[in-house]
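Per chain, numbering begins at 1; letters A, B, ... match sequence-line order.
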Protein chains: 2
Amino acid sequence: MASSAWVEELSGERAALTRASTAGRVAEILRSRITEGRLPPGTRLSEEDIGVALGVSRNTLREAFRLLAHERLLVHEFNRGVFVRRLTVDDVHDLYRFRRLVEGGVLRTTSADAPLDDVRRAVEEGESAAAGGRWVDVGTANMRFHQAVAALAGSPRVEESMRHVLAELRLVFHVMAAPRTFHEPYLAENRRILDLLESGDVAGAAETLERYLTAAEAQLTEAYAATGC
Amino acid sequence: MASSAWVEELSGERAALTRASTAGRVAEILRSRITEGRLPPGTRLSEEDIGVALGVSRNTLREAFRLLAHERLLVHEFNRGVFVRRLTVDDVHDLYRFRRLVEGGVLRTTSADAPLDDVRRAVEEGESAAAGGRWVDVGTANMRFHQAVAALAGSPRVEESMRHVLAELRLVFHVMAAPRTFHEPYLAENRRILDLLESGDVAGAAETLERYLTAAEAQLTEAYAATGC
DNA sequence: ATTGACAGATTGTTGAACAATCCCGCACTC
DNA sequence: GAGTGCGGGATTGTTCAACAATCTGTCAAT
């Protein structure tokens, strides 16, 4: 019983130890391709072609497809194949409705002594990335900010739905031609939300967030309409 | 162009037309077995046995397993197999935290002219089932009530996460020995929430719901502690 | 211009096979 | 007796090849 402190900590490393299944690794490869925009929405993913390209069997590949389909990055049409998801304007509305509900609700019910470290770190990362002109990093820091906000709920399930929603949104962000002008204005808002949280004004933080989510939504749908679909 | 009115309506029937894949049907069979409690939590599902029992190949069966694992009804342990999920007390807490966040948030942002038909129907079904002593039906009507509440958001994604959470909760409900004493008290609460909604008092409706969810959570965790795990 | 039929390509599903891993019982040591 | 190391059997992970079912596109017929 002398080593109980050890084993407790080790349980956290377990995930890193169990090497992912082949399907999981294949899914990871495809996921990054999709979220980085290198596989544009609507692209059809052939089982045959990708199977030989990655050196995995069709069955394993199909398993990877299922994973990504469940994350809504791919859509699976029976007897037709899988396609990179193409989001509609309705989807964008729905995603932001979901975000306002969840992120706003989480902020409103955040207790005064909640640990804001992750939120603060994301804000600072974004600011330093902007100072260095690394606009892509500004975007990912922004993602991390919202992920951290959702994590304030202390709920694995809330965190997971947020992760899915943000992954979906990346499919949309690629329609924005200029990442700088899109992401930059929100840095100050993120900082302000953090300040409000630290001062204990959770209602104010929630309102600020909801307002700025609505603004972002409008900006996105406008850009969306411009591209035709 | 003369028949455009027709084809519009037909698009709704499309879902019923596309017969599900074999894996999908297998998943449906297993899903109902699990949510009905005939496959108790912790049961191991052998690929071999179930495969021959249902007359499908192992590959297809594994695909069905994956579907259910994503819905968190099964857990997949690498090289060990799949098991019917066994929820911990922490899971119960998390599920109710999620529900308070989502259902409460939805009610609070419901507009005065929202269509309450589905909510009302669920309340009435529950009441008539209770009058007839059909306690199992009372339980399902209760589920439907909460599903209808979530649907007030008008968001497919909110609806889907709610569906998943409620399916998970069914794994827990089976520890309640007496379905009557557990479900019956909430009938009046559901009716009250409906009344508050119809009178436009969304904040009151949300508070009532959140309070009663907390009560149900306490009741469940207590029964859970009694059973040992 | 619409319909019908045919051919080619792709997916859905199966069965078998082999490697990798886990579980369980047994002997062995201290 | 408790703990350790070691097979043997069973189960899962992954691949492969094959066939059935379905979709897509083309071309002729009306």
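As a whole-Å value, the separation of H76(B) NE2 from dT11(D) P is 15 Å. Distance, R44(A) CZ to dT24(D) C1': 10 Å, rounded to whole Å. Following rounding to the nearest Å, L54(A) (CG) and dT15(D) (P) show an atom-to-atom distance of 11 Å. When rounded to the nearest whole Å, the span between CG of N59(B) and P of dC16(D) equals 13 Å. To the nearest angstrom, P of dT13(C) lies 8 Å from CG of N79(A). Whole-Å rounding puts the E47(A) CD to dA9(C) P distance at 17 Å. Atom C1' of nucleotide dG12(C) and atom CZ of R66(A) are separated by 10 Å, given to the nearest angstrom. Atom CD in E63(B) sits about 12 Å away from atom C1' in dT14(C), given to the nearest Å.
When heavy atoms are screened at a 4.0 angstrom cut-off, G51(B) is found touching no nucleic acid atom at all.
For S46(B), taking side-chain heavy atoms from C-beta onward, the closest of the listed nucleotides dT12(D), dT13(C), dT15(D) is dT12(D).
Residues H146(A) and Y212(A) bring their aromatic ring centres within 6.0 Å. Under the 6.0 Å cut-off for aromatic ring centres, F83(A) and H76(A) do not qualify, their centroids lying 6.0 Å or more apart.
Contact annotation: T22(B) side-chain N/O to dT13(C) OP1/OP2 distance is under 4.0 Å. Contact annotation: R80(A) reaches the phosphate of dT24(D) (side-chain N/O to OP1 or OP2, under 4.0 Å).
In terms of heavy-atom proximity, A215(A) sits nearest to Y186(A) at C-OH, 4.1 Å.
Using modelled atom types, one finds no donor on one side chain facing an acceptor on the other under 3.5 Å when comparing T140(A) with D137(A).
With hydrogens and angles ignored, a donor-acceptor pair closer than 3.5 Å exists between the side chain of R58(A) and the base of dG12(C).
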